[in-house]
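Have a look at the structure below before the remarks.
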Amino acid sequence: MTSSVPSATRRPLVLVHGLWDTPRLFRRLERQLEAHHIPLLVPHLPHRLGAVPLCNLAEQLDGHIRRQFGEEQTIDLLGFSMGGVISRIWLQQLGGAHRTHRFISVGSPQRGTVTAQWIPPWLFAGLADMKRGSPLLRRLNDDVASLRQVDCLSYFCRWDLMVVPGWQAHLPVGAVHSISVLTHQQLVSDSRALDRLEQALLRD
């Protein structure tokens, strides 16, 4: 887990990785942000290849945030892929919205993904949570009132083969932007994507 000390001038930023990823996923983004001295928390959320339910991972995320930043510190939050859904559970169901200024969803199956459609819940509960029309996603999308309290942004890759269809990989609220990269992973590794994310994180 990567973390740094809170700053008096910048809101802390929490980066949440996705499936088959670790905090190393964000190293390029971290280097891009170094000059801005943004306090970072990049927790490791072990998901056992997608077997752990996403609500359990959101509870782990909550614990990391509370230990690092206390109960009230306002933060920004960026979730990539499955990490965007985990982040959203924390915002909407665990009270995270009240302390979050900006939430950036990057290539996240906020409306589910066809690639998870035939996954049995008894075997891979976390993957099954990302099915189109899953009970979890229905609950999140049926009541977005708390999400409207947060400055939400979504970025997606139109040709994404991990989140299908790629153009639906966005939140039901807030601005939505396409990034012209070719793959899912390039949303957090390609220089064009990193520049867009940096601008979004620094815009106020």
Side-chain angles (χ1 to χ4, degrees), residues 11-19 26 29 38 40-43 45 47 53-66 68-113 116 126 128-157 160 162-163 165-179 184 187-188 193 196-197 199-204:
R11 278 187 307 274
L13 170 63
V14 179
L15 303 175
V16 185
H17 67 79
L19 184 67
F26 293 113
L29 179 59
I38 298 174
L40 291 176
L41 173 63
V42 193
L45 303 177
H47 49 67
L54 299 195
C55 288
N56 292 18
L57 296 175
E59 290 172 357
Q60 292 182 33
L61 174 63
D62 184 60
H64 284 292
I65 292 172
R66 290 174 186 272
Q68 182 69 16
F69 300 123
E71 301 291 329
E72 299 297 333
Q73 169 73 56
T74 300
I75 65 166
D76 287 339
L77 181 64
L78 183 150
F80 171 67
S81 192
M82 185 176 77
V85 181
I86 296 168
S87 299
R88 195 173 161 196
I89 297 167
W90 179 75
L91 288 167
Q92 292 182 243
Q93 298 187 345
L94 298 180
H98 86 274
R99 61 179 299 178
T100 302
H101 176 77
R102 178 168 297 131
F103 172 40
I104 300 178
S105 170
V106 183
S108 296
Q110 305 292 1
R111 302 187 187 188
T113 173
D129 280 336
M130 294 185 288
K131 293 182 180 185
R132 292 178 67 83
S134 75
L136 171 66
L137 292 177
R138 284 202 304 271
R139 287 196 302 272
L140 292 175
N141 288 319
D142 282 348
D143 183 4
V144 297
S146 58
L147 207 58
R148 294 187 188 280
Q149 304 170 25
V150 181
D151 180 14
C152 291
L153 295 168
S154 299
Y155 293 91
F156 70 90
C157 164
D160 201 323
M162 291 293 291
V163 180
W167 58 86
Q168 289 193 354
H170 62 81
L171 296 163
V173 301
V176 179
H177 305 281
S178 172
I179 299 181
H184 185 67
L187 285 165
V188 287
R196 297 283 295 277
L197 296 179
Q199 291 169 13
L201 289 165
L202 299 175
R203 71 180 191 179
D204 63 357

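Judged by distance alone, the side chain of S87 and the main-chain N or O of G83 form a donor-acceptor pair under 3.5 Å. No side-chain donor-acceptor contact under 3.5 Å links R196 to the backbone of I179. Although no hydrogens or angles enter the test, the distance criterion places a donor-acceptor pair under 3.5 Å between the side chain of S134 and the main chain of D129. Side chain of T113 to backbone of M162: a donor-acceptor contact under 3.5 angstrom is found.
Inter-residue side-chain proximity for L41 and P12 is flagged as unmet; no heavy-atom pair is nearer than 4.5 Å. Considering only heavy atoms from C-beta on, L187 comes within 4.5 Å of D160 through its side chain. The shortest side-chain heavy-atom distance between D143 and Q92 does not fall under the 4.5 Å cut-off. For the pair Q93 and R88, the minimum side-chain heavy-atom distance is 4.5 Å or more. Residues R99 and Q73 are in side-chain contact: their nearest non-hydrogen atoms beyond the backbone lie under 4.5 Å apart. In this structure, the side chains of Q168 and V163 stay at 4.5 Å or more apart for every pair of heavy atoms.
Nearest heavy-atom pair across G18 and H47 is O-NE2, 3.7 Å. The two atoms that bring F156 and A169 nearest to each other are CB-O, 3.7 Å, heavy atoms only. R139 approaches C55 most closely through the heavy-atom pair NH2-SG, 4.5 Å. Here the shortest heavy-atom pairing between G84 and S108 reads CA-OG, 3.2 Å. S146 and A97 get closest at one heavy-atom pair: O-CB, 3.5 Å.
Using modelled atom types and a 3.5 Å distance limit, the side chains of S154 and Q110 yield no donor-acceptor pair.
Here the straight-line distance linking atom CG of L40 with atom CG of L29 works out to 8.0 Å at 0.5 Å rounding. With rounding to the nearest 0.5 angstrom, the CG atom of L57 is 15.0 Å from the CH2 atom of W90. For the atom pair T74 OG1 and F69 CZ, the distance stands at 11.5 Å (nearest 0.5 Å). Atom-to-atom distance recorded for I104:CD1 and D151:CG is 8.0 Å, nearest 0.5 angstrom. Taking CG of L137 as the reference point, atom CZ of R132 lies at 9.5 Å (rounded to 0.5 Å). Separating the CZ atom in R102 from the CZ atom in R11 is a distance of 5.5 Å, to the nearest 0.5 Å.
Exactly one residue among Q60, H64, R66 makes a side-chain hydrogen bond (donor to acceptor under 3.5 Å, both in side chains) with D62. That residue is R66. Partner V14 forms a side chain to side chain contact (heavy atoms under 4.5 Å, CB included) with one of L61, V42, T100, L78 and no other, that one being L61.
Ring orientation note: the planes of F80 and F26 are nearly perpendicular, at an angle over 60° on the 30°/60° scale.
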Step by step, would you call V150 with L77 a side chain to side chain contact (heavy atoms under 4.5 Å, CB included)?
CA-CA 10 Å; V150 181; L77 181 64; over 6 Å; no

